[in-house]
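Predicted, not measured: the structure shown is a model, and the values here were computed from it.
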Amino acid sequence: MATFAVVDLETTGNASSKKDRIIEIGIVVLKDSRVVKEFSSLVYPERDIPPFITSLTGIDDEDVSHAPLFSEIAEEVYGLFKNAYIVAHNIEFDLGFLNAELNACGFSSLNNQIIDTVELARVLIPTSPSFKLGRISEALNFGHDRPHRALSDAQVTGELLIYLLDSLYKLPERTLTHLLKVTSKLKSGFREFIEEALNRVRYRADQEEEYTLWHGIAVRKLSSAHSDGFEIPENYEEWLENLYEGEDGLKRSILGFEQREGQRKMSDLVHQSLTEGRHALLEAGAGTGKSLAYLVSALYYSIKNQQRIVVSTHTTSLQNQLLNDEIPKIAEALGQPVKAELFKGRSHYISLVHFSFELENSVHDNYDEALAKSMILVWLTQTTTGDIDEIQLPSNGQQFWHKVSAEQSKKAVQLKSESSYFEWAEKKASQANIIITNHSMLCLDLISSEKRLPPYDKIIIDEGHQLESVASRYFGIRLNYKELQRQLSQMGEQFSERYFKEGRTAFKQLLDRHRQAIDKAKDELNQLMRYLYQGIRKSRQAGKSKSDIGRIQYSLEDEKDKRLLETAEEMTNRFLSNISSIKRLMLSMKDQLLPDARSSSSQDPAILLNRLDHSIMICEKIENQLHSYFSPLEANENEAKWIEIEGEGPNHSLYMFSEPVQLNQILRERLFSSKQSVIVTSATLTTNRSFNFIKGSLGITNDNRLIEENIPSPYSFDQNVKLMVPNDFPNVRDNQEEFIYSVSEAIYSMAHITKGRMLVLFTSYDMLKKTYYLLKELINPEEYMIFGQGVSSGSRDRLKKNFQAFDQSILLGTSSFWEGVDIPGDDLSCLVIVRLPFQPPGQPVQAKREQLVRQLGKNPFMEYSLPEAIIRFRQGFGRLIRSSTDRGIVFICDQRIIESSYGKYFLSSIPDIPVTHESTNKLIKQMEDWL
C-alpha cells in the first residue's frame with residue numbers, strides 16, 4: 001500500500017525566486033488511509049512577514065522570532081518524504097519552496113512521485129464550484145478549524161486525498177480504462193491507483209447498475225423524460241386560493257410562508273394576460289415574490305390548456321433560482337412533479353460521438369486537453385443533462401470543448417435520440433409545461449432562420465429591462481481577433497493528419513493546401529488587426545471615449561480618419577479572399593470524404609464531414625459579418641459601428657462591434673406582433689412612475705390592450721435605509737483628482753463604521769482604477785481587503801465570492817455590478833454610488849441614439865439619457881436591500897441628485913426614504929449613530 005507525505009506551507013509570499021521564505025510547515029504521513037505521523041513547526045524566515053500574510057495566517061514576526069531556521073529542521077523534513085508520494089493542494093507552489101529551501105541546505109531536490117489534490121479534485125469532483133481547499137472542505141463537511149495554518153491545511157488535504165481515492169475506486173470499468181490512456185499528461189502520478197481501481201471494479205457486483213455505454217463511454221443512465229401529467233381544477237381562483245392560503249399549499253413547502261398582497265396580484269395579472277392573449281408590463285418591487293407568482297399562474301395555464309410557456313431570464317443565477325428553488329417548492333405544494341426544463345443552445349451540450357472520436361486520438365494531447373478529457377469522463381458518470389455549464393474546464397479546455405460540443409453535430413452524423421444529450425434536452429423541452437431559457441437564446445430564436453426554441457406563443461420575460469441591450473448585441477455584430485484566430489486554428493486542427501492514418505494522396509494534398517490557406521488567412525488577419533490597433537492608438541479620436549472596462553473606443557462615423565477605414569476595408573477584403581479559399585478547399589475535401597462516409601463501417605469520415613460542415617458555416621458567418629463592415633456605402637442610420645482596443649496589453653486585443661440603434665420596430669415585428677402573450681417583468685421598468693420609456697424601447701407604445709401594473713415592494717425601506725449625500729465634495733468637472741481623493745477618504749472613513757462590507761459603484765473604469773490604487777495607499781492591508789473589477793483578477797462572480805469570504809472587505813465595481821449581484825444580509829451594509837449612472841460621453845450607441853432623438857425634434861437628455869440612467873440607478877439601489885431584514889446606508893457622492901433640476905426624478909424613482917444632505921463629517925457621525 002502506498003505511503004503519502006501530505007505537506008502544506010505558509011510563506012511570506014508567492015515566489016521563492018523573489019526571496020520569499022517559509023514561515024510554517026505541516027506534514028501528515030498517511031498509510032492505509034490512516035495517519036501514522038504528523039510534523040509541524042514555525043520557521044524563522046530571516047525577513048519581515050508582510051501585513052497581508054499576517055492577516056491571512058495570523059502569524060506575525062513575534063511568533064517566528066524564536067522559531068528554528070529551516071536548516072535546523074531540514075534533515076527531519078527530508079526524511080519524512082522517503083519512499084512516499086508527495087501530496088499537496090497546488091503542489092507546484094509547495095514543492096518549489098521546499099526544494100529551494102532544501103537545496104540551500106545542501107540537500108538534493110525531492111523527485112518523488114507527486115499528487116496534486118487540486119488536479120485530482122478537478123478530475124474526480126468535476127462539478128465542484130471551487131477547488132480552493134477551504135471551499136472543498138466545507139462542501140464535503142471536513143472539519144477545518146484553522147485554515148491557512150500549515151498542519152490544519154495538511155490534515156484537511158489528507159482527508160481530501162482519501163475521499164478522492166475512494167471516489168476513484170467507485171468509477172465504472174470503462175471510465176477507468178479511458179482515464180488510464182488520457183491521464184499520463186497530468187502532473188499527478190496516479191496510474192498505480194487507476195490500475196488498483198480497475199482490479200477492484202472487476203470483482204464488484206453492482207458495477208453496471210447505474211451506468212450504460214454510449215459510443216464506448218460509460219454514462220449515467222437517464223430516466224424517462226417526464227412522468228405523466230396531473231389533473232388541475234377547473235376553477236383558477238379556488239386553485240390559487242388553496243395554493244396561497246391552504247394548509248396543504250405553499251405553507252407546506254415554504255417554512256413561514258405568508259401570502260403577500262402584491263404576490264397574489266401578480267399571479268392574477270399573469271393569468272389574465274395569458275388567458276386573454278394580452279401583453280403585459282409588470283413592475284414588481286424587491287420582496288414581492290414575483291418569480292413564484294408568475295410561475296404558479298404559468299403552470300396552471302399550461303396544464304389547463306396543454307400549451308407550453310417560455311420563461312426567459314438575463315442571469316444564470318435567476319435561472320438556477322427558478323429551477324432549483326422555486327419550482328421544487330411549487331411541486332411539493334402541489335404534491336406532483338412539475339414539468340419544467342432549462343433549455344440551452346447546442347454549444348452547451350456534449351456530443352458523445354465527437355468526444356469518443358477525440359478519446360481515440362489522445363496521443364498528441366497537451367496538458368489542458370488531457371485534463372479536460374479526464375474531467376469529462378468522470379462528469380459523464382454523474383450528469384443527467386450533458387450541459388457543460390455543470391463543470392469548469394481548464395482555461396484552454398474551452399478550445400477542446402468546441403471540438404466535442406453538439407454544435408458539431410448538426411448534419412452529417414445521425415445520432416440515436418437516446419445517445420444525444422441535445423436531442424434529449426429537446427425531447428424533455430417538448431414535453432415540458434415551462435421552458436426556462438435566457439435572453440440570449442430568445443434573441444437567437446428571434447433572429448435565426450433555424451428555430452432555436454421549441455414552438456411557443458406565450459412567454460414571460462423576467463429581468464425585462466435587459467431585453468433591449470441583449471437584443472442589440474444579437475441583432476448586431478461582435479467580432480474579436482482572438483476568437484477569429486481560435487476559429488481558424490480549430491479549422492486546421494480538426495483535419496490534421498493524425499486523423500487520416502490511411503488517407504489518400506489527393507486528400508493529403510488538399511489538406512496541405514488547406515493548412516497553407518489557414519496560415520495565410522492568419523497572417524492577413526494579423527496585419528489587419530495590427531494596422532487597426534496602431535491607427536486607432538494614433539487617431540485623434542483615441543482616448544475620447546472608453547468602455548466601462550477601460551477599452552479605448554473608436555467610432556467608424558468619423559470622416560477625419562477616412563483613409564484609415566479605406567485601407568482597413570482593402571485589408572479586410574484580402575483576408576476574406578483567403579476565407580473564401582479555405583471554404584472552397586473544405587468543399588473539395590467534403591466531396592472526397594462523402595464516398596467514405598457512405599461505405600465505411602467507421603463513423604470517422606462522417607464525423608469529419610460534420611466538422612467540415614460546421615467550419616464552412618463559420619466561414620460563411622465571417623464573410624457575412626465582415627463583408628460590409630468598413631464600407632461607407634453600407635452606412636445605416638439605424639446602426640452604430642465601432643472598434644475597441646485594450647489600452648494596455650497585446651497589440652491584437654481588438655474588438656469590432658455593430659449594433660442597431662433602435663430595436664423597437666424589430667422587437668415589435670418579431671416578438672410582440674408574432675406572439676399571443678408577452679409578459680415583461682422586472683423590479684425596474686418604470687421611470688418617474690411611468691412605463692413610457694420601456695414601451696418606446698420595446699415597440700409597444702400603441703397597444704391599447706397592454707396590461708400595465710406597478711406592484712410596490714413590501715419592505716419597510718423608510719425604516720431600513722438612509723440615503724446620504726455630502727455637500728462638501730469638490731466638483732468633479734473642476735478637479736477630478738480632488739473628487740477621487742474625497743471619494744477615497746469617505747470610503748475609508750465609512751469602512752471603519754461598517755467594518756468594510758461596502759459595495760462602491762462607478763460609471764467610469766478609469767475612476768474606479770484611480771480610486772482602487774489610492775485606497776491601497778490609504779488603507780493598511782491588515783485592515784481591509786479591497787477588490788476592484790478589472791483590477792483584481794477574476795470574474796464578477798469570483799470577485800463577489802472573494803468579497804463575501806473576507807470579514808472586512810470593500811468591492812469596487814462598474815457596469816455589471818449595478819445589477820444582478822445579490823449580496824444579502826450582513827455581507828453588505830453600505831452602498832456607495834460615486835456618480836449618477838449616465839452613460840459616459842461618446843459611447844457609440846448612446847451618441848447615435850441621441851442623434852436620432854434630436855432629429856425627431858425631441859430632447860435626447862430627457863427622452864433617452866435620463867430615463868436610462870434612472871433605471872440603472874434603481875438597479876444599483878436595489879443591490880443593498882435583498883430581504884426584509886437587510887439594513888444599510890446608500891451614500892451618493894454626486895451632488896447633482898440634490899442640486900440639479902433632474903435630481904428629483906432619481907429620488908422619486910426609489911422608495912420614500914430619509915435623505916440627508918450634510919457635510920461628510922456629519923454624515924459619517926450620523927451613520928455611526930444609526931448603524
Under 3.5 Å, is there a donor-acceptor pair between the [X] and [Y] side chains?
| X | Y | value |
| --- | --- | --- |
| Ser317 | Asn320 | no |
| Tyr244 | Ser267 | yes |
| Gln665 | Glu669 | yes |
| Gln466 | Glu819 | yes |
| Gln875 | Thr684 | yes |
| Glu390 | Thr127 | no |
| Ser273 | Ser677 | yes |
| Asp389 | His348 | yes |
| Thr763 | Arg872 | no |

[Y] side chain reached by [X] side chain, heavy atoms, under 4.5 Å:
| X | Y | result |
| --- | --- | --- |
| Ile309 | Ile435 | no |
| Tyr905 | Thr687 | no |
| Arg473 | Val470 | yes |

Considering all heavy atoms of both residues, which atom of Ala286 and which atom of Ile881 are nearest to each other, and what is their separation?
CB-O, 4.3 Å
Minimum heavy-atom distance between Ile436 and Gln319, given as atom pair plus value:
CG2-CG, 4.0 Å
Hey, can you tell me if Tyr300 and His271 have their rings parallel, tilted or perpendicular (30° and 60° cut-offs)?
perpendicular
Could you check whether the rings of Phe873 and Phe906 sit parallel, tilted or perpendicular, using 30° and 60° as the cut-offs?
perpendicular
Could you walk me through whether Tyr715 and Ser883 satisfy the side chain to side chain donor-acceptor pair (under 3.5 Å) test, starting with their C-alpha distance in whole Å, then the side-chain angles of each, then the deciding distance to 0.1 Å, before giving a yes or no?
CA-CA 8 Å; Tyr715 295 159; Ser883 75; 5.7 Å; no
Side chain to side chain donor-acceptor pair (under 3.5 Å) for Ser909 and Arg689? Distances and angles first, verdict last.
CA-CA 7 Å; Ser909 72; Arg689 315 288 181 190; over 6 Å; no
Nearest 0.5 angstrom please: [X] [atom1] to [Y] [atom2], how far?
| X | Y | atom1 | atom2 | result |
| --- | --- | --- | --- | --- |
| Leu799 | Phe787 | CG | CZ | 8.0 Å |
| Ile898 | Ile892 | CD1 | CD1 | 8.0 Å |
| Asn720 | Ile913 | CG | CD1 | 10.5 Å |
| Leu318 | Asp462 | CG | CG | 5.0 Å |
| Met724 | Met750 | CE | CE | 9.5 Å |

Is it true that the NZ or CZ of Lys675 lies under 6.0 Å from the centre of Tyr456's six-membered ring and within 45 degrees of the ring axis?
yes
Looking at Trp379, I'd like to know if the NZ or CZ of Arg220 sits under 6.0 Å from its six-membered ring centre while staying within 45 degrees of the ring's axis.
no
Excluding sequence neighbours, so at least two apart, what forms ring pair (Phe, Tyr, Trp, His ring centres under 6.0 Å) with Phe803?
none
Look at Arg874 together with Glu283 and state whether they make a salt bridge at an N to O cut-off of under 4.0 Å.
yes
Side chain of Glu463, backbone of Thr315: donor and acceptor closer than 3.5 Å?
yes
Using the rule given for side chain to side chain donor-acceptor pair (under 3.5 Å), can you reason through Tyr474 versus Ser440, listing the C-alpha separation, both sets of side-chain angles and the distance that settles it, and then say yes or no?
CA-CA 7 Å; Tyr474 280 90; Ser440 298; 3.2 Å; yes
Residue that, paired with Leu761, satisfies side-chain contact (heavy atoms from CB on, under 4.5 Å) out of Leu831, Thr814, Val832:
Leu831
Here's a test for you: under side-chain contact (heavy atoms from CB on, under 4.5 Å), which of Thr681, Ile679, Leu442, Leu698 qualifies with Ile461?
Leu442
Can you check side chain to side chain donor-acceptor pair (under 3.5 Å) on Glu326 and Ser291, steps first, answer last?
CA-CA 8 Å; Glu326 308 287 16; Ser291 52; 2.9 Å; yes
Tell me, which pairs form a ring pair (Phe, Tyr, Trp, His ring centres under 6.0 Å) where one or both residues lie in residues 666-696, sequence neighbours left out?
His279-Phe672
For the rings on Tyr421 and Tyr349, is their centre-to-centre separation under 6.0 Å?
no
After noting the C-alpha distance and the side-chain angles of Lys304 and Glu234, does the key distance pass the salt bridge (charged side-chain N to carboxylate O under 4.0 Å, His left out) rule?
CA-CA 8 Å; Lys304 188 83 168 52; Glu234 283 294 322; 3.0 Å; yes
Among pairs that include at least one residue of residues 690-699, which meet side chain to side chain donor-acceptor pair (under 3.5 Å), considering only residues two or more places apart or in two chains?
Ser690-Asn692, Lys695-Glu708
